[in-house]
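In what follows, chains are A, B, ... by sequence order, proteins preceding strands, each numbered from 1.
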Amino acid sequence: MAEKLTKQSDDYPRWYTEVVQRADLAEHAPVKGSMIIKPYGYGLWEAIQRQLDDMFKATGHQNAYFPLLIPESFMKKEAEHVEGFSPELAVVTHAGGKKLEEPYVIRPTSETIIWDTFRRWIQSHRDLPLLINQWANVMRWEMRTRLFLRTTEFLWQEGHTAHATAEEAQEETLRMLEVYRTFAEDYMAIPVLTGVKTDRERFAGAVNTYCIEALMGDKKALQAGTSHNLGQNFAKAFDVKYQTKEGVAEYVWATSWGVSTRLIGALVMAHGDDAGLILPPRLAPIQAVVVPIFRKDDEKVPVMDACTKLIAELRAAGIRTHLDDRDQRPGWKFAEWELKGVPVRIEMGPKDLAAGEVRVGFRHSGEKQQEKADSLAAKLPAILEAAQQGLFDRAVEFRKANTHRVDSWDEFKERLDAGGFLYAHWDGTTATEEKIQKETKATIRCIPLDDDMEDGKCVFSGEPSKRRVMFAKAY
RNA sequence: CGGGGCGUAGCUCAGCUUGGCAGAGCGCUAGCUUUGGGAGCUAGAAGUCGGAGGUUCAAAUCCUCUCGCCCCGACCA
């Protein structure tokens with residue numbers, strides 16, 4: 001703990017790895033690409049889960065749980081799905097000391113097992129819509145992994161819904177995308193761009209994939225969540241039909257949507273600085289930490305008494321508060337809580353006690369100010385909300401400063417070197433998309449939803465284009 | 001799978017070229033002094049030198065095989 005973090009400007013990936021490990025979010029597990037999520041990191045995930053789960057319930061969804069192991073044959077029923085996922089499947093071939101007749105795959109996502117189940121659950125139009133979510137772990141065998149951003153096993157939620165009409169499925173797809181956008185912006189304090197993926201980036205088996213894209217501190221893009229309109233692809237693959245009021249058998253329409261522990265990586269990279277994490281108050285496992293300061297016992301006793309009283313008041317006010325009474329020097333504690341991104345630090349020493357005050361330090365701004373101890377509990381909720389807003393505003397400004405419209409190939413390449421989001425015209429072909437990636441490493445992150453149509457010429461091929469798309473280098 | 005690197009104390013690593021008592025820093029334990037921005041001193045505990053085989057009086061060091069990890073390229077929430 002004594003050493004300083006690598007600076008973001010010196011080596012951003014290294015900074016990320018160090019922060020994640022030294023802030024006690026996670027560490028590497030013995031199996032390549034898998035991670036141990038430590039209590040502080042898991043606390044963050046729990047905060048994310050709680051809020052999202054409430055939002056899912058509020059939009060009519062119910063939780064259920066489907067199994068980890070999926071018969072291999074299920075994966076093969078939807079052509080695009082199997083093609084998309086087969087390279088990253090982990091397969092169980094032996095169990096109970098014997099070779100299995102049919103191998104099981106460890107779920108990379110649960111569409112197949114869920115649609116096999118939905119076939120039995122759905123008979124009538126009265127069974128629709130069917131709105132299911134599950135919190136689960138999944139496994140995708142990745143070549144290159146990074147804690148939270150890409151691990152072979154990760155935690156996520158996956159929503160799976162079935163609808164009577166194409167329109168309802170599309171509404172659901174966009175409704176959940178909006179839930180994700182709201183969550184990212186209002187709770188994670190990260191502004192996100194909503195859009196549609198190109199054919200190339202679309203989920204294997206979907207008709208359309210919608211996404212939220214966020215800008216990280218190193219000006220690279222991160223896909224933070226996806227919502228898919230699956231059309232009737234899985235209904236047809238698994239023969240899921242319902243009887244309409246008229247008695248006609250029709251295939252149902254489907255969606256699926258998910259966010260994962262990758263969100264924690266997004267949180268780290270969207271807000272963190274050279275001193276470590278900066279957590280948004282609404283999700284911070286600890287919103288305020290109290291650091292007592294004293295020399296001898298004659299100072300310790302009254303200071304600790306005052307801290308205990310203060311903490312009781314803060315907790316009564318609904319603030320997640322922690323008393324750091326460890327046998328360490330105050331300066332050491334300050335540095336550690338900054339590393340861990342706690343929004344507010346409260347210092348209480350003999351001088352403060354004599355004045356009936358505390359010193360309050362803010363992680364996101366680095367500012368410190370004196371506050372009356374007995375009115376702090378009443379003021380702190382508003383202070384935390386202001387910090388939440390301040391973080392979001394700063395992220396919005398950062399994104400604005402790193403978003404550009406480009407109209408020529410030279411400008412494209414030049415701007416791309418500096419990072420950020422680039423809005424440019426594209427001729428709509430996969431061939432062009434691939435050539436651009438090959439030459440520049442940039443990909444089309446999405447076709448923005450809220451952008452106006454605008455005639456132009458493809459920045460690469462010069463062919464006509466009806467609208468701009470967003471390019472960026474991405475994680 | 002191709003290219004590069006590394007396995008020695010909990011962590012980061014030195015020692016290997018030229019074989020000869022198993023080392024340092026951080027962390028940990030105990031004590032004393034300290035405590036408002038990452039403390040100091042003293043004393044300790046801590047190791048199958050990734051594994052197997054070989055050469056040798058003697059192997060962390062040389063040889064052979066093997067296992068694992070990290071980084072860079074082709075895939076991705």
Side-chain angles (χ1 to χ4, degrees), chain A residues 1-5 11 13-14 17-18 21-22 27-34 83-89 107-110 136-146 148-158 180 197 200-204 206 209-214 221-228 256-266 275-276 291-297 299-300 303 324-339 345-355 357-359 361 366 368 370 434 437-438 441 443 445 474-475:
Chain A
M1 202 57 65
E3 288 160 37
K4 282 186 226 94
L5 275 176
D11 187 343
R14 192 165 163 193
T17 305
E18 287 183 9
Q21 292 181 97
R22 289 176 50 182
E27 60 188 44
H28 289 284
V31 174
K32 178 181 163 65
S34 58
E83 193 187 333
F85 279 105
S86 56
E88 41 193 82
L89 291 182
R107 63 181 164 217
T109 178
S110 300
N137 58 339
V138 289
M139 179 165 276
R140 298 179 185 178
W141 211 258
E142 301 289 351
M143 308 238 169
R144 298 188 56 197
T145 59
R146 293 184 70 191
F148 291 115
L149 297 176
R150 180 165 302 111
T151 46
T152 54
E153 179 186 0
F154 56 90
L155 304 183
W156 77 344
Q157 58 69 217
E158 45 180 326
Y180 288 155
K197 287 292 187 188
R200 202 161 156 270
E201 302 268 335
R202 197 197 304 126
F203 176 75
T209 287
Y210 295 82
C211 61
I212 53 173
E213 293 284 331
L222 182 80
Q223 179 176 306
T226 49
S227 184
H228 314 292
S256 69
W257 27 274
V259 295
S260 71
T261 35
R262 175 180 260 195
L263 288 179
I264 293 174
V291 178
I293 296 161
F294 50 82
R295 289 184 293 261
K296 302 276 202 252
D297 277 358
E299 287 177 352
K300 178 175 179 177
V303 165
D324 186 353
D325 59 357
R326 290 176 297 175
D327 184 20
Q328 295 283 2
R329 295 159 69 89
W332 187 91
K333 294 179 181 179
F334 298 167
E336 170 162 298
W337 292 115
E338 277 164 11
L339 176 63
R345 181 180 68 241
I346 299 164
E347 305 169 28
M348 162 87 81
K351 294 174 210 163
D352 307 298
L353 190 58
E357 294 179 344
V358 289
R359 187 175 301 178
K368 283 189 190 186
Q370 291 293 117
E434 281 171 355
Q437 180 176 8
K438 205 162 188 187
K441 302 237 189 248
T443 50
R445 301 319 304 152
Y475 275 95

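- Counting to the nearest Å, the P atom of B:rC1 and the CH2 atom of A:W141 are 14 Å from each other.
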Given the rule in the side-chain contact (heavy atoms from CB on, under 4.5 Å) test, do A:W257 and A:Q157 qualify, once you have shown the distances and angles that lead to the verdict? CA-CA 8 Å; A:W257 27 274; A:Q157 58 69 217; 3.5 Å; yes
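- Atom CD of A:E153 is separated from atom C1' of B:rA77 by 14 Å (rounded to the nearest Å).
- B:rA59 and B:rG15 have their C1' atoms separated by 14 Å, given to the nearest Å.
- Rounding to whole angstrom units, NE2 of residue A:H28 and C1' of B:rC11 are separated by 14 Å.
- To the nearest whole angstrom, the two C1' atoms, one in B:rU55 and one in B:rU61, are 13 Å apart.
- Interatomic distance, CD of A:E213 versus NZ of A:K197, reported as 4.0 Å (0.5 Å rounding).
- Here B:rG38 presents its P atom at 16 Å from CZ of A:R326, a figure rounded to the nearest Å.
- Using Watson-Crick or G-U wobble geometry with both donor-acceptor distances under 3.5 Å, B:rC1 finds its partner in B:rG73.
- When both pairing distances are held under 3.5 Å, B:rA30 makes a Watson-Crick or G-U pair with B:rU42.
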For nucleotides 32-37 of chain B, read 5' to 3', which letter fits each nucleotide if B means a protein heavy atom sits under 4.0 Å from the base, S means only the sugar-phosphate is that close, and - means neither? --BBBB
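- Using a 4.0 Å heavy-atom cutoff across all strands shown, A:L149 reaches at least one base atom of the nucleic acid.
- In this entry B:rG20 has B:rC57 as its Watson-Crick or G-U wobble partner, both defining distances falling under 3.5 Å.
- Applying the salt bridge (charged side-chain N to carboxylate O under 4.0 Å, His left out) test to A:R202 and every residue at least two apart in sequence or in another chain returns A:D199.
- Nucleotides B:rA46 and B:rU29 have their P atoms positioned 15 Å apart, rounded to a whole Å.
- Taking the centre and axis of the six-membered ring of A:F154, the NZ or CZ atom of A:R262 falls outside the cone set by 45° and 6.0 Å.
- Rounded to whole Å, the distance from CZ on A:R14 to P on B:rC70 is 16 Å.
- Between A:E201 atom CD and B:rA77 atom C1' there is a gap of 12 Å when expressed in whole angstrom units.
- Shown here, B:rG37 forms no base pair; nothing in the strands shown gives a Watson-Crick or G-U wobble contact with both key distances under 3.5 Å.
- Rounding to the nearest 0.5 angstrom, the gap separating the OH atom in A:Y475 from the CZ atom in A:R146 is 5.0 Å.
- Taking atom C1' on both B:rG23 and B:rA14, the two are 7 Å apart, rounded to the nearest angstrom.
- Taking atom C1' in both B:rU34 and B:rG40, the straight-line distance is 8 Å, to the nearest Å.
- Per the geometry, CZ belonging to A:R107 stands 18 Å off P belonging to B:rA77, to the nearest Å.
- Between the P atom of B:rC75 and the CZ atom of A:R146 lies a distance of 18 Å, rounded to the nearest Å.
- Inspection of the A:T443 and A:R445 side chains reveals an N or O donor paired with an N or O acceptor under 3.5 Å.
- When both pairing distances are held under 3.5 Å, B:rA52 makes a Watson-Crick or G-U pair with B:rU64.
- Annotation: B:rC69 and B:rU8 have their P atoms spaced 14 Å apart (nearest Å).
- The residue A:S227 sits apart from the nucleic acid: no heavy atom pair falls under 4.0 Å.
- Checked against the 6.0 Å centroid threshold, A:F85 and A:F203 count as a close aromatic pair.
- With P as the reference atom, B:rG47 and B:rA9 are 10 Å apart, rounded to whole Å.
- The existence of a salt bridge linking A:E158 and A:R107 is excluded, since no basic side-chain nitrogen approaches an acidic carboxylate oxygen closer than 4.0 Å.
- Spacing of C1' atoms, B:rA60 relative to B:rG20, comes out at 13 Å, to the nearest Å.
- Put simply, the side chain of A:K351 does not reach to within 4.5 Å of the side chain of A:E357, judged on heavy atoms.
- Nucleotide B:rC11 forms a Watson-Crick or G-U wobble pair with B:rG25, both donor-acceptor distances falling under 3.5 Å.
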